[in-house]
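Reviewing the structure listed below.
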Amino acid sequence: MYIREKIEEQIKEIMANALNKSVEEGVLSIETMPDLFLEMPREKEHGEYSTNVAMQLPRQTKKSPRFIAETLVGYMETEGSYIDAIEIAGPGFINFKLKKTWQYSALKDIAVLKENYGRSDKNKGKTFNMEFISANPTGPMHMGNARGGAIGDILAAVAGWTGYEVTREFYINDAGNQIVKFGDSLDVRYRQLLGETVDFPKDGYQGDDITEHMKDFIGLKGDQYLTLESDARKKILVEYALEKNLTQIKKDLETYGIYYDVWFSEQSLYDSGAIESTLELLKKGGYAFEEDGAVWFKATSFGSDKDDVLIRANGIPTYFMADIAYHMDKFLNRKFDRCINVWGADHHGHVARLKGALTAVGVNAGQFDVVIMQLVRLLRNGEVARMSKRQGKAIALTDLIDEVGVDATRFFFNLRSPDSHFDFDLDLAIEESSDNPVFYVQYAHARICSIIRQMEEEVDKTVPLDYTRLTEKEEFHLLETLSLFPNEILIAEERLDPSRITRYTIELASAFHSFYNACHVRIEDPILMKARVALIEGTQQVIQNSLGILGVSAPERM
RNA sequence: GCGCCUGUAGCUCAGUAGGAUAGAGCAACGGCCUUCUAAGCCGUGUGCCAGAGGUUCGAAUCCUCUCAGGCGCACCA
């Protein structure tokens, strides 16, 4: 258990005991136990922890907050605890000041746990499915996928650090309408390249990559499929190009530092009969009905304002239908305890109906959540540039990584909470200037490595390691920041907000840089020097751990 | 028209499930390298928390309404 958990648990216990005693002795009368919530005050003078219980109780006890606070404090037994002093302040806050040594425990924790410092077993024994990107395999990935990639991959890492057994999953949309369009587009290009005059479909994929695929294909196979019946030919072309695209997507994502455990094919849901059986289940439950020749899901029974089509009048299931079957498979066949998807804001309308459908087939929809990320706006020369895959003008993920680098791309896309509308200023990102916060964090790490390289032979092994020699305010601030790391991971997981980790690394780097300027490590006093080396080693470890979660490198030299 | 997200310093954004005097970075200005990496540090000031009501000891945070922007509201995905 980490130092902060220990302290918080201890204070809560002391509070609970005091409350119970004051009730037993009839000083206070309460009916329901209040929430014993601890907060960390912004102001230093208010102590490390603070509670507002006294202000929650006046109604129940018919006493003033001040009186309640004084009573409780009177009953608190702090012997042998981390608490140094308790003060009542303001309208009735009870503030706890800790003994000036608690921060050193964080350093001990780090020294013992090393690369595992920050991990917890909160979700031990539970499985977690993280589905993200799931870009259409009809073309290369664009910049919009980059944000989803960073959010999904890092959230998956965060979940793993809280104890979950994590599966990263890519859902391949290799069935349905857009594959038909893909086939039509390939087919026309194939025939055009071989000299036929055919009009390009109005809503087809116009990107050059389609033409390139067919050039390559003709190079390999020639014109032998020209005489084939059109559907059969399209099938062959799609198979060829899909395989090519998926290989490329996989390769590009690995460049981006993302490795999937499962590539799940939508088509496999048709092949296995999962779609059919899911539909049967919905029908049996009375949640599906026929109208105008189509089969509908009764989404209105689950709070939606309209129903949704499952099977079109032409007999082809919708994407929605496949999605229900897919998520049923996640929960009921593969039995994940938690499933999270990352979707762009343009899909948010889909969330409620999918949750409704999952509830209908017997899944506890509370285990399913979608992180909605606001779409990325690309700025070039200060102007908004629209991305459109159809028009083939998209900035490809790989272009971005080439220009900005993997570290900056991942860091940047995870800098703001998924909720925030995000402007990606390409010109600024290309600059690789110090404006880019990733350098700030990496620089802190490189600085530490540099000191440690020079210190190795100077540290006196015979001298005792005495943390209590660390007494400067910059040292305490750094220690406190280190002690917060495990909390940050837990909060990031609970709120499904991986960007907290990115911001934490900046805070940690800042605390270190301040320390660096205020305190020298390489000094005469061998005991203090040893303590400071221990402090920067702990910092180095936590920067490595946090950057590791982000998938950003921690360079030893810069 | 209905739904979701957003609105906090000149700009980009935090604000820890309702707390105490509203916080960073960038930009501006002024300091700090004969000593461990100046890609750094320290200091200076800036706010009708979009607006109006409400809930209570207490609201940037919760509720209602209004305004502004983004995104949805297909037998597309």
Side-chain angles (χ1 to χ4, degrees), chain A residues 37 39-43 45-46 50-52 54-56 58-59 64-66 89-93 95 134 136 138 173 176-178 181 203 266 291-296 304-306 308-320 322-323 344-352 372-375 377 415-423 425 428 432-444 446-455 458 474 484 487-488 491 494-495 499-500 503 506-507 509-510 512-523 529 532-533 536 557-558:
Chain A
F37 180 71
E39 58 186 286
M40 296 190 251
R42 200 171 37 234
E43 301 296 325
E45 307 88 77
H46 297 147
S50 170
T51 182
N52 63 354
M55 287 177 285
Q56 294 178 340
R59 191 166 296 169
S64 76
R66 208 74 203 186
F93 290 103
N95 297 331
S134 298
N136 264 337
T138 50
N173 304 131
N177 241 327
Q178 81 284 357
K181 271 188 221 162
D203 52 354
E266 179 182 358
E291 199 177 288
D292 300 331
V295 182
W296 297 71
S304 277
D305 43 6
K306 57 179 194 50
D308 293 290
V309 172
L310 295 167
I311 310 290
R312 300 182 183 91
N314 63 12
I316 299 172
T318 59
Y319 175 89
F320 177 46
D323 229 14
D346 54 341
H347 288 74
H348 77 257
H350 188 56
V351 177
I372 293 296
M373 55 160 190
Q374 296 302 313
L375 297 181
R377 255 184 358 170
L415 187 56
R416 306 297 177 209
S417 82
D419 267 350
S420 78
H421 299 263
F422 188 79
D423 287 344
D425 187 334
L428 183 75
E432 289 201 16
S433 72
S434 57
D435 287 349
N436 197 331
V438 68
F439 289 112
Y440 183 79
V441 177
Q442 289 178 322
Y443 183 53
R447 261 184 162 176
I448 293 170
C449 291
S450 171
I451 302 171
I452 289 172
R453 271 196 302 274
Q454 297 166 60
M455 290 287 98
E458 292 184 42
E474 288 82 4
L484 283 170
N487 295 43
E488 280 302 319
I491 296 171
E494 276 167 23
R495 300 186 192 177
S499 72
R500 297 188 66 94
R503 270 178 262 116
I506 296 172
E507 250 176 68
S510 169
F512 168 74
H513 285 308
S514 295
F515 158 81
Y516 177 90
N517 276 273
C519 311
H520 273 238
V521 178
R522 197 176 191 173
I523 46 170
M529 182 169 90
R532 284 185 174 162
V533 168
I536 65 169
R557 292 172 204 269
M558 282 175 79

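First the proteins, then the strands, lettered A, B, ... as listed; each starts at 1. Values reported hereafter were calculated over all heavy atoms of this structure, with side chains retained and with hydrogens, waters and symmetry mates removed.
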**Message:** Using a 3.5 Å limit on both distances, find every run of at least three consecutive Watson-Crick or G-U pairs that involves RNA chain B.
**Reply:** B:1-7 with B:67-73, B:10-13 with B:23-26, B:28-32 with B:40-44, B:50-54 with B:62-66

**Asked** With no angle test and no hydrogens, is the base of A74(B) tied to the side chain of Thr318(A) by a donor-acceptor pair under 3.5 Å?
**Response** no

At under 4.0 Å between heavy atoms, what does [X] touch on the DNA or RNA strands: base, sugar-phosphate, or nothing?
X         : result
Tyr516(A) : base
Ser420(A) : sugar-phosphate
Ala89(A)  : base
Cys449(A) : nothing
Ser514(A) : sugar-phosphate

In whole angstrom, give me the gap between the [atom1] atoms of [N] and [M].
N      : M      : atom1 : result
G54(B) : U61(B) : C1'   : 15 Å
C32(B) : G69(B) : C1'   : 44 Å
A28(B) : U37(B) : P     : 29 Å

**Request:** Indicate for each nucleotide in nucleotides 55-63 of chain B, in 5' to 3' sequence, whether protein heavy atoms under 4.0 Å reach the base (B), only the sugar-phosphate (S), or nothing (-).
**Result:** -SB------

**salt bridge (charged side-chain N to carboxylate O under 4.0 Å, His left out) partners of Arg495(A), counting only residues at least two apart** = none

